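Sharing a structure here in structure tokens format.
Keep in mind that this is a model prediction, so the values were computed, not measured. Lettering of chains follows the sequences in order, A, B, ..., and the numbering in each one begins at 1.
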Number of protein chains: 2
Amino acid sequence: MRKLDNTAVGTRQRILEVAGEVFAETGFKGATVREICKRADVNVAAINYYFGDKEGLYVAVLKYWKTVAFEKYPADQGVDEGDPPEKRLRVFIQSILWRILDAGRASMLPKLVAREFIEPTSALDIWVDEAIRPMFELLSGIVEGLLGKGTPEATVRMCCTSVVGQCLYFVYARPVMKRLFGQGSFEKRDIEIIADHITAFSLHAIRGLAAGKKTGKKKGGTR
Amino acid sequence: MRKLDNTAVGTRQRILEVAGEVFAETGFKGATVREICKRADVNVAAINYYFGDKEGLYVAVLKYWKTVAFEKYPADQGVDEGDPPEKRLRVFIQSILWRILDAGRASMLPKLVAREFIEPTSALDIWVDEAIRPMFELLSGIVEGLLGKGTPEATVRMCCTSVVGQCLYFVYARPVMKRLFGQGSFEKRDIEIIADHITAFSLHAIRGLAAGKKTGKKKGGTR
DNA sequence: AATGGTTTAAAACTAATGTTTAAAACATGC
DNA sequence: GCATGTTTTAAACATTAGTTTTAAACCATT
């Protein structure tokens with residue numbers, strides 16, 4: 001069996017690096033400590049030695065990759081309070097898409113989090129508090145800026161879910177898109193096109209809702 | 001151990017009924033045949049007897065519940081080709097939300113499919129061909145009717161993903177919403193409000209994009 | 001170089017899970 | 001009512017996976 005340069009990076013971290021991929025590919029139950037250890041080229045006992053048990057490893061993995069991802073893409077990146085909400089929305093959408101579609105070192109993280117969405121563990125609470133809630137409040141501010149001050153909170157919230165929903169669709173729908181359109185991965189250029197679209201789509205929508213409200217219309221469309 | 005009325009409904013179907021829930025809750029790997037059999041109140045050997053093996057049961061479960069769901073909510077329900085696209089869009093969105101958020105007998109199906117999105121099996125191919133593609137083509141027609149005939153296919157496709165993304169957000173984001181807003185389930189009335197919002201949001205967006213295109217503007221917002 | 005704490009290694013252990021077996025129970029047609 | 005095919009049952013089997021154990025290897029400190 002091929003021996004990687006084990007001295008270059010510690011055993012503990014090597015496990016964290018590969019465990020993220022394995023958990024993302026096959027889920028917590030599906031992942032085996034033997035597979036993880038084989039890929040990390042360490043002894044099977046290493047996981048219990050460093051993390052107590054498999055579950056301890058799992059939470060360590062999520063913590064580890066969250067740190068990595070947020071160092072690369074800070075939540076407030078490039079956002080200037082003074083910028084007009086239109087630009088801030090564009091930056092917000094762009095940064096979400098980057099995090100989701102970037103095929104870098106942390107490319108398995110969205111999949112890990114998506115699994116948490118479906119089958120939550122204690123890790124989701126942390127993720128919501130430290131990652132999602134701040135993002136949501138940032139977006140709420142932007143959307144409120146577009147809708148106008150006195151807008152009901154429910155309306156703001158709905159618009160936020162509309163924006164985020166459009167973005168997240170590209171995480172879990174990738175296998176579907178591959179089967180539907182033949183496109184399963186996204187280049188840098190693709191991501192910009194998508195960001196442009198979602199921004200334009202959402203801006204028209206939000207402005208339309210704001211205008212409809214001012215003129216006293218109750219609903220934007222049919223019924 | 002309590003004995004349900006086993007004669008009322010056949011062993012095979014009783015397994016299909018409960019297996020859907022178990023697979024949805026814990027995934028294919030996480031689900032154990034013993035747990036399924038216990039809930040169905042049948043012998044452990046029944047699964048191998050009727051479905052060959054665990055995997056055979058899994059594909060049978062997806063096929064079974066797909067049939068059930070599509071009998072309850074046909075893809076073309078209430079859609080009239082002659083209706084204006086605004087109304088058709090509203091009906092389309094409503095029907096997707098019903099399927100996703102309905103807490104009826106097939107309420108575990110969205111979760112099952114969401115798991116397929118993350119970790120596809122052969123069942124996803126079938127699901128895409130028989131459920132998603134027809135829906136997508138239906139939606140494409142509606143969106144094209146709103147955008148105008150000569151609209152590039154890429155634009156139509158993007159708008160479709162925007163609409164669907166908003167809807168599907170309510171499937172997998174439910175645990176997040178529970179933690180974020182305290183709301184984890186949706187009543188009939190909630191679903192209508194959501195459908196109203198997504199319809200209004202999307203109509204403003206699509207009309208805005210159509211208008212922007214006519215007047216020669218290239219992008220809807222910033223940059 | 002000896003010592004003491006830390007890390008790694010191979011093997012064994014235990015519990016669980018999917019599957020098979022073989023017999024019993026049941027149902028059906030003649 | 002018996003014979004035949006089908007279904008159900010309990011037990012056993014084989015494999016796998018998480019964990020533990022025990023000893024060896026390693027490494028810094030004195």
Indicate whether OP1 or OP2 belonging to D/dT7 is found under 4.0 Å from a side-chain N or O atom of B/Thr11.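 It does not, given that no N or O in the side chain of B/Thr11 lies less than 4.0 Å from OP1 or OP2 of D/dT7.
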Separation of A/Lys29 atom NZ from C/dT17 atom C1', in whole Å?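 One finds 11 Å between C1' of C/dT17 and NZ of A/Lys29, rounded.
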I need the CG-P distance between B/Asp41 and D/dA10, as an integer number of Å.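 That distance rounds to 11 Å.
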Donor + acceptor pair across side chains of B/Gln166, A/Thr161 (<3.5 Å):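 Absent: no donor and acceptor within the cut-off.
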Answer yes or no: is there an ion pair linking A/Glu119 with B/Lys111, defined by an N-O contact shorter than 4.0 Å?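 Judged by the 4.0 Å cut-off on N to carboxylate O distance, A/Glu119 and B/Lys111 do not form a salt bridge.
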Have a look at B/Tyr50 and say if it touches a base, only the backbone sugar-phosphate, or nothing, with a 4.0 Å heavy-atom cut-off.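 Sugar-phosphate only.
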Approximate separation, where rounding is to 0.5 Å, of A/Phe201 CZ and B/Cys159 SG: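 Nearest 0.5 Å value for the CZ-SG distance: 5.5 Å.
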Nearest-Å distance for atom pair CG/P, residues A/Leu57 and D/dA17: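 Checked: the CG to P distance equals 16 Å.
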Quick one: do B/Glu25 and A/Lys29 make a salt bridge, cutoff under 4.0 Å?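 Salt bridge absent between B/Glu25 and A/Lys29.
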Between B/Arg12 and A/Thr32, which has a closest nucleotide on DNA chain D that is more 5'?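 Closest to the 5' end, via its nearest nucleotide, is B/Arg12.
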side-chain hydrogen bond (donor to acceptor under 3.5 Å, both in side chains) contacts touching residues 128-147 of chain A (sequence neighbours left out):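 For residues 128-147 of chain A, and leaving out neighbouring residues, the side-chain hydrogen bond (donor to acceptor under 3.5 Å, both in side chains) pairs sorted by first residue read A/Lys66-A/Glu130, A/Asp129-A/Arg133.
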Which letters describe nucleotides 19-24 of chain C, given B = protein heavy atom under 4.0 Å from base, S = only from sugar-phosphate, - = neither? BBB---
So that I can tick it off, tell me whether A/Glu17 and A/Arg14 are bridged by a salt bridge, with the cut-off set at under 4.0 angstrom between side-chain N and carboxylate O.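 Salt bridge flag = no for A/Glu17 with A/Arg14.
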